[in-house]
Amino acid sequence: MAKNLVIVESPAKAKTIEKILGNDYDVRSCFGHIRDLEKDAMGIDINNNFKPKYIIPDDKEKVVKELRKMAKDTDEVWLATDEDREGEAISWHLCEVLGLDPYSTKRIVFHEITKPAIERAVQQPRLVNMDLVNAQQARRILDRIVGFELSPVLWRKMSMRNSLSAGRVQSVAVRLIVEREREINAFKSVSTFKVEAYFTAKDINGKSVTFKAEGPSRFKSAEDAEKFLQQCVGAAYSVRDIQVKPSRKTPAAPFTTSTLQQEASRKLGYSVSKTMLLAQKLYESGQITYMRTDSVNLSETAMTDLKAAIIKNYGEKYHQERKFKNKNESAQEAHEAIRPTYAANQTVEDSDTKKLYELIWKRTLASQMADAELEKTTAKIAISTNPEELTASGEVLKFDGFLKLYLEGRDDEDETDEEEQEGSLPLLAVKQQLDLREMRATERFSRPAPRYTEASLVKKLEELGIGRPSTYAPTITTVQKRGYVEKRDKEGVKRTFRILTLKKDKITQAEDQENTGAEKAKLFPTDLGMIVTDFLNQYFNSVMDYNFTARIEGEFDEIASGKKVWNNMLKDFYNPFHKDVENTLENAERVKGERQLGVDEATGKPIVARMGRYGPMIQIGKVEDEEKPRFAKLKPTQSIETITLDEAMELFRLPRNLGQFEDQDVTVNIGRFGPYAQHDKKFYSLKKEMDPYTVELDEVAPLIAEKRAAKDERTIKIFEKEKIQVLRGPYGPYLKVGLKNYKLPKEKLEHPEQLTVEECKAIIEEAKANPPKKKAPPRKKKAE
DNA sequence: CAGTGAGCGAGCTTCCGCTTGACTT
């Protein structure tokens, strides 16, 4: 046992630091928080000044036990958790649990895992900062109160299924998506006409090249555009003025969690959870620094390392030292930016993480590289018959600088002309006459703000100071798991647009088609998400306010700096909040999310879209009517808010009988698990692209035959009487009895077809006698 | 696995932020 025990949060970090500190130090990890509020009675004694009751969660017992033992056998314990609010609290909890005195135990901090930083830290120990700890306790308790008082309100007041949830972070995330969707639904697109003229001129080599110039402004109507073209008939064009301006581009800061998620989404198409999973792998294998960070800072040693790599690869000219400042006020900067551990490693072998690593490597190096230098040329072109002018602009890259490696992506889609790369212009002279090849006025439509992607939502949350690097990915998973939000694609619709062309002094009009509104992997609110958001907005306006988190963060800061007492802050929040909760429980109506669609022509009964126990549906007639109402489920992409009466009536066409296959009826319907076909008493899920409303027998019949064959293939053996199946799955052969699966012992994996009934029964008995340990997530009994 | 949709009441759910594995059909 070494003389010193150093406790950090992450095990990968522990390994590195142990190497740096040498033999006198044992470095161990506590794996994050080791205590949390008890769940009973919220774990808070509200009437006793919000006194928290902490427990050690089951999955932390083991590590706490080990740390206790080590702490007892060592001379000195050093608390080296992260230098932020949560880290400070973890240190305090460690004191409490390990029996250390917070007023004498050594607390050390460092922002980077480098030898000088750690050695410096060890020489300057301090004590646990109780003000900061109290700020964390206030944060924790407030989140618990909000979550555990709001969620039960939803259970009581929503007429849909249970296990709904609300919280300071997730509810605002859903609100953002709901409001964006409504903005899009309400958006009225207007069209304008954009004029582009194509000229030819001789370049330096005497070669004839074509370039583009833009019209003076966008025209509101086809008539106005035509009038302009008309005025250009017979005109001569000449260069009136040329401006040449140098410009520069600057590299983006190195990655934080949020910007890494954004770029991996834009450039590699990764979901935020995939990005984090791969980054974790890179971190654990020592390839990159810590991946949950809000800091853009690079350590001194990293800067030196990067400089060397840049100079070696690209030369002195390409290096430029830069320090980046964080724009985000809520940043706590306990770590460095995300960077490669060794700048010399351009890539990694592992094919899974290769792309992400290279992205990080390029971004980090680029951040220490020289500006790109450009030359922007703008030529004004006069029209002899018209006082208006055309503008041609071109850009030439004089020095690539950081662009050699990396250019940050953008969120706006490149559907329109706006983002067209500016090409280069031929060398023009003032007064030079230009030949017009043609001039076009093209109709363009304004577009609503795009729906959020996972990554652009993270960006927005970070801007609002809501959530932390460690929670962005889990929050996005939660709102999807709760059924408030769905990630999906949307097909575009065809739209016709007009083009007026002036060519050889003649104006012609044509039409063309474009695809618009197509979106990939975007976040859509569900009806449930909208209804819950409306409800929370109505009754808990203050918590749903986009500035709520920023405001209370300010108060946490005051607690951290000793200007405010944490219990008082909580009291000021709790009293009005709890009153709202009680008022809502007492007075709010149960929410059904009902919307009137019209009247059924055949029966005169009212038709409504509303939320049922099993999701959004259409109802014809009322429950109290003599004749029972008719019900139909909405399609997955439909929404209560936007469905039309005609679309609603369409839904009543199911179930459909498609005709006969092998002398049996084939019917299609939509069930609990999506669209399916039924044939010979068996069920077959329809393929994604098959629409149960339009699918035909000749599409479904092969599916039935194919699925039957696939099932035969998976089946190795069946013991009919005992109802034991031996099946082949993606993890190898296994046993299936009813809904339960059983693993085969290793020695049976080779020849599963030789298994006997007795052997199978023995395996099952064995498994039942030694049930697999279910630890962290307790299995839910009911689906959903 | 694939019929539902009212209302009652039992017994359940739930938060955010710090960290990794265990597990999967």
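In the text below, chain A, chain B and the rest are named by the order of the sequence lines, each starting its count at 1.
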Asker: Taking atom P of dC15(B) as reference, at what distance in whole Å does atom CZ of Arg168(A) sit?
Answerer: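 Rounded to the whole Å, the gap is 13 Å.
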
Asker: Starting at atom NZ of Lys39(A), determine the distance to atom P of dC12(B), rounded to an integer number of angstrom.
Answerer: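 Distance check: Lys39(A) NZ to dC12(B) P gives 14 Å.
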
Asker: Would you call Glu18(A) and Val6(A) a side-chain contact if the rule is heavy atoms closer than 4.5 Å?
Answerer: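 Not in contact.
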
Asker: Identify all side-chain donor-acceptor contacts of residues 136-158 of chain A below 3.5 Å with residues at least two apart in sequence or on another chain.
Answerer:
unit_1: Gln136(A); atom_1: NE2; unit_2: Glu86(A); atom_2: OE1; d: 2.9
unit_1: Gln137(A); atom_1: OE1; unit_2: Tyr54(A); atom_2: OH; d: 2.6
unit_1: Gln137(A); atom_1: NE2; unit_2: Asn134(A); atom_2: OD1; d: 3.2
unit_1: Arg139(A); atom_1: NE; unit_2: Glu86(A); atom_2: OE2; d: 3.2
unit_1: Arg139(A); atom_1: NH1; unit_2: Asp143(A); atom_2: OD2; d: 2.8
unit_1: Arg139(A); atom_1: NH2; unit_2: Glu86(A); atom_2: OE1; d: 3.3
unit_1: Arg139(A); atom_1: NH2; unit_2: Glu86(A); atom_2: OE2; d: 2.9
unit_1: Arg140(A); atom_1: NE; unit_2: Asp36(A); atom_2: OD1; d: 2.9
unit_1: Arg140(A); atom_1: NH2; unit_2: Asp36(A); atom_2: OD1; d: 3.3
unit_1: Arg140(A); atom_1: NH2; unit_2: Asp36(A); atom_2: OD2; d: 3.4
unit_1: Asp143(A); atom_1: OD1; unit_2: Arg168(A); atom_2: NE; d: 2.5
unit_1: Asp143(A); atom_1: OD1; unit_2: Arg168(A); atom_2: NH2; d: 3.3
unit_1: Asp143(A); atom_1: OD2; unit_2: Arg168(A); atom_2: NH2; d: 3.0
unit_1: Arg144(A); atom_1: NH1; unit_2: Glu38(A); atom_2: O; d: 2.8
unit_1: Arg144(A); atom_1: NH1; unit_2: Met42(A); atom_2: O; d: 2.8
unit_1: Glu149(A); atom_1: OE1; unit_2: His578(A); atom_2: ND1; d: 2.8
unit_1: Glu149(A); atom_1: OE2; unit_2: Tyr574(A); atom_2: OH; d: 2.8
unit_1: Glu149(A); atom_1: OE2; unit_2: His578(A); atom_2: ND1; d: 3.4
unit_1: Ser151(A); atom_1: OG; unit_2: Gly147(A); atom_2: O; d: 2.7
unit_1: Ser151(A); atom_1: OG; unit_2: Ala166(A); atom_2: N; d: 3.1
unit_1: Trp155(A); atom_1: NE1; unit_2: Ser151(A); atom_2: O; d: 3.4
unit_1: Trp155(A); atom_1: NE1; unit_2: Leu164(A); atom_2: O; d: 2.8
unit_1: Lys157(A); atom_1: NZ; unit_2: Leu585(A); atom_2: O; d: 2.9
unit_1: Lys157(A); atom_1: NZ; unit_2: Ala588(A); atom_2: O; d: 2.8

Asker: List the atom of Lys60(A), the atom of His33(A), and the distance in Å for their closest heavy-atom pair.
Answerer: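 Reported closest heavy-atom pair: NZ-O, 2.6 Å.
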
Asker: Counting heavy atoms from C-beta on, name the nucleotide in dT4(B), dT19(B), dC16(B) closest to the side chain of Tyr614(A).
Answerer: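 For Tyr614(A), the side-chain atoms sit closest to dT4(B).
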
Asker: Of the options dT14(B), dA2(B), dA6(B), whose atoms approach the side-chain atoms of Ser685(A) most closely?
Answerer: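 For the Ser685(A) side chain, the nearest candidate turns out to be dA2(B).
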
Asker: Using centres under 5.5 Å plus planes under 30 degrees as the test, is Phe148(A) stacked with dC15(B)?
Answerer: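 Stack criterion not met.
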
Asker: State, with a plain yes or no, whether a side-chain heavy atom of Leu457(A) is found less than 4.5 Å away from one of Tyr472(A).
Answerer: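 They are not in side-chain contact.
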
Asker: What base-paired stems does DNA chain B take part in, with at least 3 consecutive Watson-Crick or G-U wobble pairs and both distances under 3.5 Å?
Answerer: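 DNA chain B stems: none present.
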
Asker: Between Tyr290(A) and Pro675(A), which is nearer to the 5' end of DNA chain B once each is assigned its nearest nucleotide?
Answerer: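 Its nearest nucleotide being more 5', the pick is Pro675(A).
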
Asker: Quick check for you: to the nearest 0.5 Å, what is the distance between Thr477(A) atom OG1 and Glu454(A) atom CD?
Answerer: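 Spacing of OG1 (Thr477(A)) from CD (Glu454(A)) equals 7.0 Å.
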
Asker: Does any N or O donor sit under 3.5 Å from an N or O acceptor when you compare the side chain of Arg139(A) with the base of dC16(B)?
Answerer: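 It does, because a donor-acceptor pair links the side chain of Arg139(A) to the base of dC16(B) below 3.5 Å.
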
Asker: Between dA2(B), dC16(B), dT19(B), which nucleotide gets closest to the side-chain atoms of Tyr676(A)?
Answerer: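 Minimum distance to the Tyr676(A) side chain belongs to dA2(B).
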
Asker: Looking at Gln280(A), I'd like to know whether one of its side-chain N or O atoms comes within less than 4.0 Å of OP1 or OP2 on dT20(B).
Answerer: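 Result: yes.
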
Asker: Heavy atoms from C-beta onward define the side chain here; which of dC18(B), dT4(B), dT14(B) lies closest to that of Ser163(A)?
Answerer: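 My answer, after comparing the listed nucleotides, is dT14(B).
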
Asker: Just compare dT19(B), dA2(B), dT4(B) and give me whichever is closest to any side-chain atom of Glu9(A).
Answerer: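 Per side-chain heavy atoms of Glu9(A), the pick is dT19(B).
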
Asker: Of all residues at least two apart in sequence or in a different chain, which pass the salt bridge (Lys or Arg N to Asp or Glu O under 4.0 Å) check with Arg35(A)?
Answerer: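 Salt bridge (Lys or Arg N to Asp or Glu O under 4.0 Å) check on Arg35(A) returns Glu96(A).
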
Asker: Confirm from the modelled atom types if Arg140(A) and dC15(B) form a donor-acceptor pair under 3.5 Å, side chain to base only.
Answerer: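 Indeed, a donor on one side and an acceptor on the other fall under 3.5 Å apart.
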
Asker: To the nearest Å, give me how far apart CZ (Arg613(A)) and P (dA6(B)) are.
Answerer: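 After rounding, the gap between these two atoms is 7 Å.
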
Asker: Could you give the CD-to-C1' distance, from Glu149(A) to dT14(B), as a whole number of Å?
Answerer: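 The answer, rounded to whole Å, is 12 Å.
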
Asker: Of the listed nucleotides (dC15(B), dC16(B), dA6(B)), which one gets closest to any side-chain atom of Arg610(A)?
Answerer: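 So the side chain of Arg610(A) is nearest to dA6(B).
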
